[in-house]
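In this chain, numbering begins with 1 at the start of the sequence shown.
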Amino acid sequence: MSTSNLFRPIKFGDITLKHRVALAPLTRLRVDENHVPLPIVKEMYAQRASAPGTLLITEATLIDARAGGNAHTPGIWSDEQIAAWKKVTSAVHAKGSFIYFSGL
Ligand SMILES: Cc1cc2nc3c(=O)[nH]c(=O)nc-3n(C[C@H](O)[C@H](O)[C@H](O)COP(=O)(O)O)c2cc1C
């Protein structure tokens with residue numbers, strides 16, 4: 001019996017994914033008034049990373065206050081935002097998965 005390609009590994013840049021099901025960018029607006037991700041963001045991405053070798057792409061994340069976007073869009077320009085995102089990426093890496101940022 002043949003196995004679907006969906007569940008076969010694939011090389012993607014310098015990483016090897018264990019399957020081809022990825023998390024697409026999904027806005028959740030789970031940040032505080034300073035665009036800092038709330039603890040639930042780490043929980044959400046860690047859950048989606050549960051199958052080792054999974055590729056996650058973050059929700060669109062502001063690279064600067066001047067980038068605009070909506071209120072409660074996550075940011076990645078302040079130390080506080082970066083510290084919160086590091087908790088997210090560490091939780092994903094701890095599951096053996098990968099996370100890329102999509103930025104605005
Ligand atoms: C670079 C990039 C960033 C995106 N950011 C978001 C986002 O922040 N929030 C969102 O709801 N959708 C975002 N999207 C769109 C969804 O990921 C998209 O709807 C999903 O991939 C399904 O594709 P489809 O709409 O063509 O069916 C983004 C897409 C791309 C390519």
Side-chain angles (χ1 to χ4, degrees):
M1 196 200 312
S2 70
T3 306
S4 164
N5 276 341
L6 199 56
F7 300 107
R8 287 188 199 280
I10 186 169
K11 201 165 157 23
F12 180 73
D14 58 0
I15 62 175
T16 300
L17 305 175
K18 290 200 175 153
H19 59 82
R20 302 169 189 208
V21 181
L23 179 74
L26 296 167
T27 297
R28 284 294 179 265
L29 305 176
R30 290 168 169 171
V31 306
D32 69 16
E33 64 280 6
N34 294 315
H35 305 271
V36 177
L38 299 172
I40 196 175
V41 174
K42 176 180 124 179
E43 188 183 335
M44 195 276 285
Y45 283 104
Q47 286 168 345
R48 272 70 186 167
S50 291
T54 298
L55 174 65
L56 311 181
I57 305 172
T58 68
E59 61 215 271
T61 302
L62 303 172
I63 60 163
D64 191 279
R66 292 168 294 175
N70 301 319
H72 298 286
T73 302
I76 192 164
W77 73 85
S78 75
D79 290 345
E80 206 185 347
Q81 293 159 357
I82 291 167
W85 277 118
K86 277 190 175 161
K87 289 181 188 164
V88 175
T89 57
S90 295
V92 170
H93 294 158
K95 301 270 187 181
S97 289
F98 307 96
I99 184 163
Y100 277 68
F101 276 79
S102 69
L104 280 179

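Distance check: Leu55 CG to Thr16 OG1 gives 12.0 Å after rounding to the nearest 0.5 Å. To the nearest 0.5 Å, the span separating CD1 on Ile82 from CD on Glu80 amounts to 11.0 Å. Note that CD of Glu59 is 5.5 Å distant from CE of Met44, once rounded to the nearest 0.5 Å.
Lys11 places a side-chain N or O within 3.5 Å of a backbone atom of Gly13 that can act as its donor or acceptor partner. A donor-acceptor contact shorter than 3.5 Å links the side chain of Asp64 to the backbone of Arg66. In this structure a side-chain-to-backbone donor-acceptor pair under 3.5 Å is missing from Trp85 to Pro74. Listed for the Ser102 side chain is no donor-acceptor partner under 3.5 Å among the backbone atoms of Tyr100. At distances below 3.5 Å, at least one donor-acceptor pair connects side-chain atoms of Ser97 with backbone N or O atoms of Ala51. Side chain of Gln81 to backbone of Ile76: a donor-acceptor contact under 3.5 angstrom is found. Under the 3.5 Å distance criterion, the side-chain polar atoms of Ser90 are matched with a main-chain donor or acceptor of Lys86. Judged by distance alone, the side chain of Thr73 and the main-chain N or O of Asn70 form a donor-acceptor pair under 3.5 Å.
In this structure, His35 and Trp77 have tilted ring planes: the angle between them lies in the 30° to 60° band.
Of all the heavy atoms in Leu29 and Thr27, the pair that sits closest is CD2-CG2, 3.5 Å. Of all heavy-atom pairs between Ala49 and Leu56, the closest is CB-CD1, 3.9 Å. Closest heavy-atom contact between Arg30 and Ile40: CD-CG2, 3.7 Å. For the pair Thr61 and Gly75, the tightest heavy-atom approach, listed with the atom from each and the gap, is CG2-C, 3.7 Å.
Crowding of Asn5 atom CG: a count of heavy atoms from other residues, nucleotides or ligands under 6.0 Å exceeding 12.
In this structure, Pro52 and Lys18 have side chains that are in contact, with non-hydrogen atoms separated by less than 4.5 Å. Ile63 has its side chain out of reach of Phe101: every pair of non-hydrogen atoms, C-beta onward, lies at least 4.5 Å apart.
Here the options are His19, Lys95, Arg20, the test is side chain to side chain contact (heavy atoms under 4.5 Å, CB included), and the partner is Thr54; only His19 passes.
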* Asked: Is there a side chain to side chain contact (heavy atoms under 4.5 Å, CB included) between Leu17 and Ile10 once you walk through the steps?
  -> CA-CA 5 Å; Leu17 305 175; Ile10 186 169; 4.1 Å; yes

